[in-house]
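Working notes, beginning with the structure itself.
Residue numbers count from 1 along this sequence. Whatever order the structure lists them in is the order used to number ligands and atoms, beginning at 1.
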Amino acid sequence: MIVVKSEEEIARMREPCAIVRDCLAHVGERIAAGMTTREVDALVEQFIRAHGAIPSCLGYGGFPASACVSVNEVVVHGIPGDRVLREGDIVSVDLCAYKNGFHGDGARTFRIGKVSAEKDKLVRVTEECFFAGIEGLRAGTPLNDIGSRVQKHAEENGFSVIRAYTGHGIGREMHEDPAVPNFGRQGTGMRLPAGAVICVEPMIAAGKWRVEVLPDGWTAVMADGRPAAHYENTLVVREDGVEILTL
Ligand code: MF3
Ligand code: CO
């Protein structure tokens, strides 16, 4: 059941969402070749705690870190560790902060130095998919209009949309109803009410959409080994449009 937020609750969500936004920018300014994914996670944890928030991912379902750090063919839920970032990698960093009784959630994919033309386009198109997905979004929009627009933009660019993971509602819980797929048919699904707070998070693959989870139970890799990218924001559905809280 979707939990609609009051203006007072939305006001309380602004702070954790702003911390997510600023933390992603903080990471973007520092991430570089030679760093390990564990060092990226440490940046995230320190930033979130320094701002009086709690990293929601740490311990969530047993996840062992504050950020998901996913390199190249890892699409989401990469566990930070000893992997060293190299020039030419693309790295998605996905993080959540909890403060004021609410969560904020966002992700960006960063380029490490100069990347291939294919990876460069993939990162750009994945961001574009987010904005395509929310185009025209307002109270009363059918849920699957989002996924339909994301899918159209990805496939028009020769990429594919991950099916195994979706966006989601967010609030007092990190994952609330509804699931927000990145694919689907225009005009179908629930009509989103004003005050719904959702995470729209296109996960887009350069190759085929099939994903495998490694034996660690988390790391989601593209079955064909080709790169994937991720971009996510938390937003409020309004009568006349959306308010993006993590931008
Ligand atoms: N932040 C992710 C999302 O976009 C969830 C991460 S799973 C966790 O929904 F276990 F790392 F928390
Ligand atoms: Co999310």
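Here H168 reaches the Co ion (ligand 2): one of its N/O/S atoms is less than 2.8 Å from the metal. At least one N/O/S atom of D105, from backbone or side chain, sits under 2.8 Å from the Co ion (ligand 2).
For the pairing with R49, the side chain to side chain donor-acceptor pair (under 3.5 Å) check across E45, H51, Q46 returns one residue only, E45.
For ligand 1 and H168, the ligand atoms under 4.0 Å from any heavy atom of the residue are 3 (C), 4 (O), 9 (O). Against a heavy-atom cut-off of under 4.0 Å, Y60 is close to the following atoms of ligand 1: 8 (C), 10 (F), 12 (F). Every atom of ligand 1 with a heavy atom of W218 under 4.0 Å away is listed here by number and element: 10 (F). With ligand atoms numbered from 1 in the order given, ligand 1 contributes 1 (N) to contacts under 4.0 Å with heavy atoms of C96. Using a 4.0 Å cut-off to heavy atoms of E201, the atoms of ligand 1 that qualify are 3 (C), 4 (O), 9 (O).
Counting heavy atoms of neighbouring residues, nucleotides and ligands inside a 6.0 Å radius, atom CD of E155 exceeds 12 of them. Heavy atoms of other residues, nucleotides or ligands lying less than 6.0 angstrom from CZ of R163 number more than 12. For CD of E173, the number of neighbouring non-hydrogen atoms (other residues, nucleotides, ligands) closer than 6.0 Å is 12 at most.
Between F131 and Y231, the angle of the ring planes lies from 30° to 60°, which puts this pair in the tilted group.
Nearest to atom 1 (N) of ligand 1 among the protein's heavy atoms is D94 OD1, 3.0 Å. Looking only at protein heavy atoms, the nearest one to atom 7 (S) of ligand 1 is H77 NE2, 3.7 Å. For atom 5 (C) of ligand 1, the closest heavy atom belonging to the protein is H175 NE2, 3.8 Å. Closest protein heavy atom to atom 3 (C) of ligand 1: D105 OD2, 3.3 Å.
Minimum-distance N/O/S atom of E232 relative to the Co ion (ligand 2): OE2. With respect to the Co ion (ligand 2), E201 has OE2 as its nearest N, O or S atom.
Residue Y165 places every heavy atom at 4.0 Å or more from ligand 1.
A donor-acceptor contact closer than 3.5 angstrom is absent between the side chains of R149 and H153.
With N144 contributing its side chain and G184 its backbone, the two residues share no donor-acceptor pair below 3.5 Å. Under the 3.5 Å distance criterion, the side-chain polar atoms of H168 are matched with a main-chain donor or acceptor of M174.
R124 and E118 are not joined by a salt bridge, as no carboxylate oxygen comes within less than 4.0 angstrom of a charged side-chain nitrogen.
Counting heavy atoms closer than 4.0 Å to ligand 1, residue C68 contributes side-chain atoms (C-beta onward) but none from N, CA, C or O.
Cation-pi geometry between K121 and F159 is met: under 6.0 angstrom from the ring centre, within 45 degrees of the axis.
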